[in-house]
Peer 1: 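The structure is given below, and queries will be raised subsequently.
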Amino acid sequence: MSSFDIQRPIVELPDQNPDPEFSDEELVWTDAEEEKIEAWKEQYPEDQAAIMKVLWLAQEKFGYLPPEVIKFCGETLDMSFSQAYGVATFYHQYYKEEKGTYVLDVCTCFSCQVCGGYDILHYLEEKLGVHAGETTDDGLFTVQEAECLGSCGSAPMMEITNGVYVHNLTPEKIDDLIESLRAGEVPSFTSMTLPQDEEELGGNRRTDVESTETYQTQPRAEHME
Amino acid sequence: MEANGTPQSPAGDWRSYERMLLPPIQDLHKLDVYTKHGGYERLRRVLEDDDVAPDDITNEVKASGLTGRGGAGFPTGVKWTFMPEPDDRPRFLGVNGDESEPGTFKDRQVMEYNPHLMFEGILLAGYAMHIDTAYVYTRGEYTDWIALMAEQLENAYEAGYVGEDILGSDFSMDIVLHKGAGAYICGEETSLMESLEGKRGYPRYKPPFPAQKGIFSCPTTINNVETLAHVPLIVQEGGDAYSTIGAEDMPGAALYGMSGHVKQPGVYEYPTGMLLSDLIYDVCGGMARGEDLKAVVPGGSSVPPIRADQIDGLSMNDESLGEVGSRTGTFCPLVLDEETDMVSFTRRVAHFYQDETCGQCTPCREGTGWLENILARIDEGEGRMRDIDLILELCDNMDGGRTICAFADGAVGPIRAAVKRFRDEFEAKCEASVYPVSTDVSAGPDSAVAATE
Ligand SMILES: Cc1cc2nc3c(=O)[nH]c(=O)nc-3n(C[C@H](O)[C@H](O)[C@H](O)COP(=O)(O)O)c2cc1C
Ligand code: SF4
Ligand code: FES
């Protein structure tokens with residue numbers, strides 16, 4: 001038996017030529033958007049450099065980036081489809097297919113792994129009845145496994161739809177979170193208290209946003225084992 | 001110094017250290033609070049004093065001995081001297097806020113709590129190197145922090161600290177925020193430049209180095225967010241004075257991002273050269289679950305992990321960590337206790353690199369996949385004893401300049417070290433499939449391989 005007998009699971013390839021979701025009439029920028037794009041072009045010596053910003057704008061507007069939207073973004077900056085498609089498919093955060101209303105990116109990397117990131121992910125999968133990478137039937141939640149999101153001191157943590165971070169996760173916190181998301185309430189931005197501020201600033205470095213109580217490592221979700 | 005019982009700490013009397021990068025001042029991220037506490041004064045002094053030439057700033061930074069905080073630890077002042085003489089081409093500064101190295105979360109604190117210090121550092125660096133535009137490349141996940149920075153940047157523009165004829169001088173510079181979209185490799189400096197130009201983030205061959213041919217083929221310097229935040233402090237204190245802070249080989253303040261199994265994880269500011277034992281047991285209050293220490297990864301996933309029995313007297317500077325074959329990296333130690341399964345841990349590290357390789361170089365693209373596959377097989381109890389050496393052999397075929405960028409070296413270093421330093425754990429997991437019934441592997445891996453064939 002050779003030692004190279006490992007088989008990767010077979011993943012279904014996404015359809016590379018789906019029927020267009022958006023018609024030509026829909027694929028237009030508003031005046032305000034055009035103004036923004038013009039301003040972005042000014043920021044760089046070459047227009048093409050604005051493509052990442054334009055793709056972000058398109059994702060906000062259309063929800064995700066099917067090929068016709070990517071093509072449209074490219075044309076805005078005189079780029080070929082292949083150039084724009086290459087950029088859109090290089091980066092994780094551009095959604096190439098439709099996702100749930102809330103995309104829950106659970107970090108299972110490095111620090112989060114050893115602090116119970118997988119327990120949190122599995123709890124969430126079980127709760128919502130989907131595996132990582134899938135969307136719930138009601139179209140509300142997509143669960144994803146994420147690489148380090150740069151908030152390792154408050155592991156385990158997750159990010160909601162390329163935006164808000166939720167720190168120091170526990171099963172109870174997940175329960176509350178899902179409930180409030182179902183009610184349409186996305187948690188607001190919270191500032192992470194620096195441990196040294198606990199003594200000197202009473203744990204509140206910024207008075208203009210909510211501050212978390214304190215850094216607390218979660219013992220690896222013992223009650224779930 | 002001696003009174004604290006840590007006479008050998010290169011960080012010196014760290015208990016009475018006063019924070020400079022993130023001083024305890026409420027609402028320091030706001031422009032008015034920042035200027036009230038001496039903000040932009042260093043810039044003003046440099047621009048108004050005719051005796052201060054651009055090269056003087058570079059020389060101060062050189063004298064300070066500041067090393068880059070993005071992971072590679074290259075002397076910042078020296079890097080700045082690589083910029084060619086100004087010609088008619090535009091010149092750029094790439095500010096690296098990609099911060100995607102697993103375990104690293106300290107640049108974010110600078111961007112949130114002291115963005116103007118970073119802007120002032122950018123402007124001083126721009127003045128020193130005759131740069132006209134800085135691009136702050138921030139990872140796309142930091143949406144909220146980018147919005148905060150954008151607001152503060154606008155304030156700085158309005159107050160005349162950024163833009164045309166800054167503070168009435170003839171020095172002009174723009175700062176542009178650029179949002180990434182989730183690709184670890186874009187933290188690598190040449191990949192960052194490609195990404196900024198609106199392309200896939202494929203790293204470029206070096207040479208040409210960024211100083212000769214960088215963003216849009218123009219002279220470019222890439223510096224980390226934290227590195228630039230040190231610059232106003234150096235201008236204020238003077239390079240020589242700054243070089244006396246912390247460890248001699250990489251002096252200055254440092255943001256330590258502590259994570260893992262410690263009671264009080266988070267970002268702490270202390271001088272460089274903190275003893276690992278001080279950081280874990282004093283600063284962070286000890287181990288979180290009451291278990292013993294097993295390993296420390298000193299600075300992000302790309303640096304080799306250290307065994308608990310090696311940490312005695314080790315401090316956070318390259319000279320000290322180099323003795324056990326590790327590096328400071330991003331100054332963000334991950335602390336692991338006895339309960340950690342080093343095989344699953346290493347497998348997850350391999351998964352990260354497999355996921356994030358840009359795929360240009362065959363050894364890296366294929367190697368990271370095989371590393372993950374083999375480690376997964378071992379982790380799931382299906383491994384053969386010879387898989388362990390197979391991993392090491394595979395590692396030897398990936399690093400050491402076989403690839404375009406240092407990503408492959410970053411992937412291989414920690415995996416090789418983990419396998420060598422925790423070999424018994426890997427062997428224990430391979431045992432089951434070699435001897436389905438018995439458990440005796442005392443004869444060593446060689447006989448184990450023979451037993452299967
Ligand atoms: C694969 C790879 C990823 C990197 N990621 C980052 C990063 O996220 N942030 C960063 O500042 N530097 C990163 N670097 C280091 C940069 O290439 C570069 O050395 C650094 O930004 C230079 O700034 P400094 O000298 O101020 O540290 C990375 C390097 C490699 C090889
Ligand atoms: S070493 Fe890896 S990440 Fe770097 S250029 Fe080659 S394939 Fe890409
Ligand atoms: S490892 Fe999860 S945020 Fe860094």
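Atoms considered below: every heavy atom in the structure, side chains included; atoms not considered: hydrogens, waters and symmetry mates.
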Peer 1: For a quick check under 3.5 Å, do Glu112(B) and Ser191(A) share a side-chain donor-acceptor pair by atom type?
Peer 2: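 Their side chains do contain a donor-acceptor pair, which is all the 3.5 Å distance test asks for.
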Peer 1: Closest heavy-atom contact between Tyr91(A) and Ala181(B)?
Peer 2: CB-O, 3.2 Å
Peer 1: Looking only at heavy atoms, which two atoms of Ser100(B) and Cys148(A) are closest? And how far apart?
Peer 2: O-CB, 4.4 Å
Peer 1: Who wins among Arg139(B), Glu356(B), Lys199(B) for the most heavy-atom pairs under 4.5 Å with chain A?
Peer 2: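 Ranked by contacts with chain A, first place is Arg139(B).
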Peer 1: Given the options His92(A), Arg206(A), Glu200(A), which has more heavy-atom pairs under 4.5 Å with chain B than any of the others?
Peer 2: Arg206(A)
Peer 1: Taking atom types as modelled, find out whether Asn162(A) and Thr143(B) have a side-chain donor-acceptor pair closer than 3.5 angstrom.
Peer 2: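 Side chains of Asn162(A) and Thr143(B): no pair found under 3.5 Å.
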Peer 1: Tell me, for Ala84(A) versus chain B, whether the close heavy atoms (under 4.5 Å) come from the side chain, the backbone, both or neither.
Peer 2: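 Looking at Ala84(A), nothing touches chain B.
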Peer 1: Under 4.5 Å from any heavy atom of chain B, what part of Val164(A) do you find: side chain, backbone, both or neither?
Peer 2: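 When you check distances to chain B, atoms from both the backbone and side chain of Val164(A) fall under 4.5 Å.
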Peer 1: What part of Glu145(A) is in contact with chain B, defined as an atom under 4.5 angstrom from a non-hydrogen atom: side chain, backbone, both or neither?
Peer 2: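 It is the side chain, since no backbone atom gets that close.
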Peer 1: First locate atom CZ of Arg200(B), then atom OH of Tyr85(A), and finally report the distance between them rounded to the nearest 0.5 Å.
Peer 2: 10.0 Å
Peer 1: Against chain B, work out which of Cys112(A), Pro45(A), Gly163(A) has the most heavy-atom pairs shorter than 4.5 Å and name it.
Peer 2: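 If we count pairs closer than 4.5 Å to chain B, Pro45(A) comes out on top.
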Peer 1: Kindly indicate, with the supporting measurements, whether the criterion side-chain contact (heavy atoms from CB on, under 4.5 Å) is fulfilled by Phe90(A) and Ile185(B).
Peer 2: CA-CA 10 Å; Phe90(A) 189 83; Ile185(B) 192 60; 3.7 Å; yes
Peer 1: Checking Ser301(B) against chain A: side chain, backbone, both or neither under 4.5 Å from a heavy atom?
Peer 2: both
Peer 1: With a 4.5 Å cut-off on heavy-atom pairs, point out which of Asp197(A), Leu55(A), Val87(A), Leu201(A) contacts chain B the most.
Peer 2: Leu201(A)
Peer 1: Under 4.5 Å heavy-atom distance to chain B, tell me which part of Trp40(A) shows up: side chain, backbone, both or neither.
Peer 2: neither
Peer 1: What part of Phe352(B) gets closer than 4.5 Å to chain A, counting heavy atoms only: side chain, backbone, both or neither?
Peer 2: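 Both parts, backbone and side chain.
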Peer 1: Let me know if Tyr184(B) has heavy atoms under 4.5 Å from chain A in its side chain, its backbone, both or neither.
Peer 2: neither
Peer 1: Please confirm whether Tyr135(B) and Tyr44(A) have ring centers closer than 6.0 angstrom.
Peer 2: yes
Peer 1: Can you tell me how far apart CG (Leu194(A)) and OH (Tyr268(B)) are? Round to the nearest 0.5 Å.
Peer 2: 9.5 Å
Peer 1: Can you tell me which portion of Leu148(B) sits under 4.5 Å from chain A's heavy atoms? Options are side chain, backbone, both or neither.
Peer 2: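 Side chain only.
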Peer 1: Taking Met79(A), Gln83(A), Lys53(A), Glu199(A) one by one, which has the highest count of heavy-atom pairs under 4.5 Å against chain B?
Peer 2: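 Looking at each of Met79(A), Gln83(A), Lys53(A), Glu199(A) in turn, Lys53(A) comes out on top.
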Peer 1: Tell me, for Asp355(B) versus chain A, whether the close heavy atoms (under 4.5 Å) come from the side chain, the backbone, both or neither.
Peer 2: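 For Asp355(B), heavy atoms of backbone and side chain both lie under 4.5 Å from chain A.
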Peer 1: Given the options Val209(A), Asp208(A), Asp105(A), Thr89(A), which has more heavy-atom pairs under 4.5 Å with chain B than any of the others?
Peer 2: Asp208(A)
Peer 1: Name the region of Glu197(B), side chain, backbone, both or neither, that has any atom closer than 4.5 Å to a heavy atom of chain A.
Peer 2: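 Glu197(B) touches chain A through backbone heavy atoms alone.
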Peer 1: Mind listing the closest non-hydrogen atom pair of Ser151(A) and Arg108(B) along with its distance?
Peer 2: OG-NH2, 3.1 Å
Peer 1: Gln48(A) versus chain B, heavy atoms under 4.5 Å apart: side chain, backbone, both or neither?
Peer 2: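 Both parts, heavy atoms under 4.5 Å.
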Peer 1: Does any heavy atom of chain A fall under 4.5 Å from the side chain of Pro23(B), the backbone, both, or neither of them?
Peer 2: backbone
Peer 1: Give, as side chain, backbone, both or neither, the part of Lys106(B) having an atom under 4.5 angstrom from any heavy atom of chain A.
Peer 2: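 Neither part; nothing is under 4.5 Å.
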